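Everything below concerns the one structure shown next.
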Amino acid sequence: MPGGRRRTLARAKIAVLISGRGSNMAALLYASRAADCPYEIVLVASNDPEAQGLHLAAAEGIPTFAYPHKGMERTVHDALMHAEISKAGAEYVALAGYMRLLSPEFVNRWAGRMLNIHPSLLPKYKGLHTHERALEAGDSHAGCSVHIVTPALDDGKVLGHIRVAILPGDTPEALAARVLIAEHQLYPRVLAAFVSRATPQPPAGVPNDAA
Ligand code: GAR
């Protein structure tokens with residue numbers, strides 16, 4: 001019964017965390033509109049109330065939440081985000097340009113259930129300025145990776161990547177724009193595969209909150 005399993009099972013509930021433009025969030029969202037997509041987005045949350053992607057999410061009928069992190073302790077802000085994510089019923093978190101380091105407490109609460117997209121071929125170029133670094137190194141290819149989030153920055157198991165050829169005369173901006181096209185292909189595909197393969201998880205915040 002092709003497709004039958006998906007129609008009878010609830011879709012995995014995803015909270016997407018953004019800090020800005022939100023184009024990867026949009027790619028995840030529009031992929032979720034397909035009838036056979038195994039996930040749905042239940043919340044788009046941000047550490048920046050001005051994040052552009054929040055407007056798009058709201059216009060598309062997705063609940064949004066934003067709380068500025070400025071002046072707050074990391075653990076306190078993360079706890080706020082966690083509470084909203086849990087309230088939304090999310091089972092997984094997808095970081096999509098969330099440009100804020102997360103506390104180990106938050107990461108541990110979502111261990112094995114939080115993915116991130118990073119604009120490099122990990123383990124190369126963790127952190128910022130990935131395109132500049134790939135160009136400066138004279139690499140033939142850049143790319144993007146989706147990985148499981150662990151407490152160490154951009155360090156968790158890589159679930160998929162797409163290589164993007166570097167062209168003569170590429171600038172960081174030109175390369176970033178091409179890598180972004182690849183990101184939009186990669187993230188929905190990897191997230192769909194991840195939630196399909198994952199064993200059913202208890203609701204967010206139940207077992208790991210004791211930690
Ligand atoms: C994307 O290129 C994403 O890979 C990157 O930020 C951009 C967000 O764009 N993320 C990181 O660098 C995380 N270390 P978007 O808001 O349009 O999705």
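When a ligand or atom number is given, it counts from 1 through the structure's own listing order. All values below come from the heavy atoms of this structure, side chains included, with hydrogens, waters and symmetry mates left out. Given the structure is predicted, the values throughout are model-derived calculations rather than measurements.
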Tell me, do [X] and [Y] make a side-chain contact under 4.5 Å, heavy atoms counted?
| X | Y | value |
| --- | --- | --- |
| L29 | E60 | yes |
| W110 | I85 | yes |
| M114 | L95 | yes |

- prompt: Going by heavy atoms, is G22 under 4.0 Å from ligand 1?
  reply: yes
task: Give a yes/no on ligand 1: does I117 have at least one heavy atom closer than 4.0 angstrom to it?
output: yes
May I ask you to list the atoms of ligand 1 that are less than 4.0 angstrom from any heavy atom of [X]?
| X | value |
| --- | --- |
| R21 | 9 (O), 15 (P), 16 (O), 17 (O) |
| E183 | 1 (C), 2 (O), 3 (C), 4 (O) |
| H118 | 14 (N) |
| P119 | 4 (O), 5 (C), 10 (N), 11 (C), 12 (O) |
| M99 | 11 (C), 12 (O), 13 (C) |

Distance, nearest 0.5 Å, that separates CD of E105 from OG1 of T75: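 Result: 6.0 Å between the selected atoms.
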message: Return the SG to NE2 distance between C144 and H118, rounded to the nearest 0.5 Å.
response: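 With rounding to 0.5 Å, SG (C144) is 10.5 Å from NE2 (H118).
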task: Check whether any N or O atom of N24, backbone or side chain, sits under 3.5 Å from an N or O atom of ligand 1, and answer yes or no.
output: yes
task: Might you confirm whether atom NE2 of H55 has over 12 heavy atoms from other residues, nucleotides or ligands at distances under 6.0 Å?
output: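 Yes, the 6.0 Å shell around NE2 holds more than 12 heavy atoms from other groups.
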Check ion pair D170-R178 (N to O, under 4.0 angstrom): yes
query: Of the choices S46, S23, G97, which has the non-hydrogen atom that lies closest to atom 6 (O) of ligand 1?
result: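 Among S46, S23, G97, the closest heavy atom to atom 6 (O) of ligand 1 belongs to G97.
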